[in-house]
Protein chains: 2
Amino acid sequence: MGRDEFIDACKQVGLNVTYQRIAIFNKLMEHTDHPSADDIYKEVRQDYPTISLATVYKTLETLAKHDLISKVTYLHDIARYDGTSEAHHHLVCIKCKKIIDIDSNALDAIGIPAGVPGNFRILNYRVQFDGICESCESASTEQE
Amino acid sequence: MGRDEFIDACKQVGLNVTYQRIAIFNKLMEHTDHPSADDIYKEVRQDYPTISLATVYKTLETLAKHDLISKVTYLHDIARYDGTSEAHHHLVCIKCKKIIDIDSNALDAIGIPAGVPGNFRILNYRVQFDGICESCESASTEQE
DNA sequence: TTATAATTAATAATGATTATTAAAAAAGAA
DNA sequence: TTCTTTTTTAATAATCATTATTAATTATAA
């Protein structure tokens, strides 16, 4: 998404188009390496020295909430442990952050596809399915 | 892994077998929902009121380091953002935590396999490949 | 313009995690 | 066993990412 598209997208979701939002979005788009809020802050501050780190955090979360960008590590707030050390696959509820194991031969058989750089030694992989669990689903339909 | 296997495994990796380690491991194994350190702490404290939260953290990290258990959310320390909101796949360096996008039609075509509970509304999925990137690889071979 | 709502900047507060350190427990040697 | 050394634990302080607060600023609507 380019700058103009971003501006349109902000308007569509009802966000005011501010200099800060554009600057933060632009810096994020310049990256291919999935930066942290602090990374973005340090860069944006070059052009805009009075911006606050809290603004960067808030803006990134706001943009993610409206699906203009995304958070790669949305389960990052608390460390979660697993009794087994073997790589396997998970179902994650995006509402309550419940994590459920998936046992699937089909997923174990994926292997390493084309499109994966060769200069990277891959140790294992895991598939994460994001969705809404039964109890969160029924909790939300009760509201209607 | 059961209790006895755990004790053997500790010995194999050179960790002393302590009451605390057994208690923490047992509680973790009772869970299917991938608890946090604090969850484990609250439960272990029922049986062992003098245990410290820091001990639980340290023990979980120690066990994970020796591959007796694992951390589901090992990228959890800092939130990382992505300029696009479309689900896609990633390569993650387990050393420097670099995240690289993978564009793969094969991965996009996986779909939802058998083994995934039906009472869960899946919104999307992503495959994460864990490994060692080129620069971390060459940095470690320099040591030899 | 004027009023109202949204956003920002600065800073304080929170909360998860880690570091520190002294005491306790375990392991090894005599 | 007893002494010595190393590892582990408990308690607590410190750190650091993130969020909340609040007053000032900016944008929008009337």
Side-chain angles (χ1 to χ4, degrees), chain A residues 6-28 34-42 44-66 68-69 71-81 97, chain B residues 6-28 34-42 44-66 68-81 97 99:
Chain A
F6 175 70
I7 291 174
D8 287 345
C10 280
K11 287 177 183 165
Q12 277 197 1
V13 298
L15 288 175
N16 290 339
V17 181
T18 64
Y19 182 86
Q20 290 88 337
R21 284 178 180 157
I22 293 174
I24 290 167
F25 179 79
N26 280 345
K27 278 296 173 207
L28 180 58
H34 307 79
S36 66
D38 195 59
D39 294 333
I40 296 287
Y41 170 61
K42 286 187 180 117
V44 171
R45 206 168 39 164
Q46 305 288 316
D47 307 331
Y48 190 153
T50 63
I51 201 165
S52 158
L53 175 58
T55 299
V56 176
Y57 270 104
K58 200 166 195 306
T59 300
L60 289 169
E61 289 300 312
T62 301
L63 298 181
K65 196 175 81 182
H66 289 90
L68 304 181
I69 66 171
K71 203 175 189 168
V72 179
T73 54
Y74 86 85
L75 270 178
H76 82 292
D77 50 344
I78 312 179
R80 305 279 291 273
Y81 296 88
K97 304 205 172 171
Chain B
F6 175 70
I7 291 173
D8 287 346
C10 280
K11 287 177 184 165
Q12 277 198 1
V13 298
L15 288 175
N16 290 339
V17 180
T18 64
Y19 182 86
Q20 290 87 337
R21 285 178 179 157
I22 294 175
I24 289 167
F25 179 78
N26 279 346
K27 278 297 171 204
L28 181 58
H34 307 79
S36 67
D38 195 60
D39 294 333
I40 296 288
Y41 170 61
K42 287 190 180 116
V44 172
R45 204 167 41 164
Q46 305 289 315
D47 308 332
Y48 190 154
T50 64
I51 202 165
S52 158
L53 176 59
T55 299
V56 175
Y57 270 104
K58 199 164 196 305
T59 301
L60 289 169
E61 288 302 310
T62 301
L63 298 182
K65 196 174 83 184
H66 290 89
L68 305 181
I69 66 170
S70 64
K71 204 173 187 169
V72 179
T73 53
Y74 87 86
L75 271 178
H76 83 293
D77 50 344
I78 312 179
R80 305 279 292 275
Y81 296 88
K97 304 205 172 173
I99 304 173

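Lettering of chains follows the sequences in order, A, B, ..., and the numbering in each one begins at 1.
- Rounded to a whole Å, the OH atom of A:Tyr57 is 17 Å from the C1' atom of C:dT8.
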Quiz item: How would nucleotides 8-13 of chain D be written as a contact map, 5' to 3', with B for base contact, S for sugar-phosphate-only contact and - for no contact, using protein heavy atoms under 4.0 Å?
Solution: SSBBB-
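- Applying the side chain to side chain contact (heavy atoms under 4.5 Å, CB included) rule to B:Ala23 yields the partners B:Tyr19, B:Val44; only residues at least two apart in sequence or on another chain are considered.
- A straight line from OH of B:Tyr41 to P of C:dA16 spans 13 Å, rounded to a whole angstrom.
- The side chain of A:His76 places an N or O atom within less than 4.0 Å of a non-bridging phosphate oxygen (OP1 or OP2) of D:dT18.
- Residue B:Asp77 is classed as a sugar-phosphate contact, given heavy-atom separations below 4.0 Å to backbone atoms only.
- As rounded to whole Å, 14 Å separates atom C1' of C:dT18 from atom NZ of B:Lys65.
- One atom, OH of A:Tyr74, and another, C1' of D:dT18, lie 19 Å apart when rounded to the nearest Å.
- The side-chain hydrogen bond (donor to acceptor under 3.5 Å, both in side chains) contacts involving residues 8-17 of chain A comprise nothing, where partners must be two or more places apart or lie in separate chains.
- Applying the side chain to side chain contact (heavy atoms under 4.5 Å, CB included) test to A:Lys97 and every residue at least two apart in sequence or in another chain returns A:Tyr74, A:Leu75, A:Asp77, A:Arg80.
- A:Asp39 is linked by a side chain to side chain donor-acceptor pair (under 3.5 Å) to A:Ser36, counting only residues two or more places apart in sequence or in another chain.
- Taking atom NZ of residue A:Lys42 and atom P of nucleotide D:dC16, one finds them 12 Å apart after rounding to whole Å.
- Atoms CG and NE2, from B:Leu28 and B:His34 in turn, are 8.5 Å apart once rounded to the nearest 0.5 Å.
- Rounded to an integer number of Å, the gap from CD1 of B:Ile78 to P of C:dT17 is 13 Å.
- When the P atom of C:dT14 is taken as reference, atom CG of B:Asp38 falls 17 Å away, rounded to whole Å.
- Contacts classified as side-chain hydrogen bond (donor to acceptor under 3.5 Å, both in side chains) and involving residues 44-57 of chain B (residues at least two apart or in different chains) are given here: B:Gln20-B:Tyr48, B:Tyr41-B:Arg45.
- When the C1' atom of D:dA17 is taken as reference, atom CG of B:Leu75 falls 15 Å away, rounded to whole Å.
- The NZ atom of A:Lys42 sits 11.5 Å away from the CD1 atom of A:Ile40 when rounded to the nearest 0.5 Å.
- Which of C:dT18, D:dT18, C:dT17 sits closest to the side chain of B:Glu61 comes down to C:dT18.
- Relative to the axis of its first five pairs, the axis of the last five pairs of the helix from C:dT1-D:dA30 to C:dA30-D:dT1 sits at 30°, rounded to 10 degrees.
- For A:Phe25, the ring pair (Phe, Tyr, Trp, His ring centres under 6.0 Å) partners at least two apart in sequence or on another chain are A:Phe6.
- For residues 48-64 of chain B, the salt bridge (Lys or Arg N to Asp or Glu O under 4.0 Å) pairs, not counting sequence neighbours, are B:Glu61-B:Lys71.
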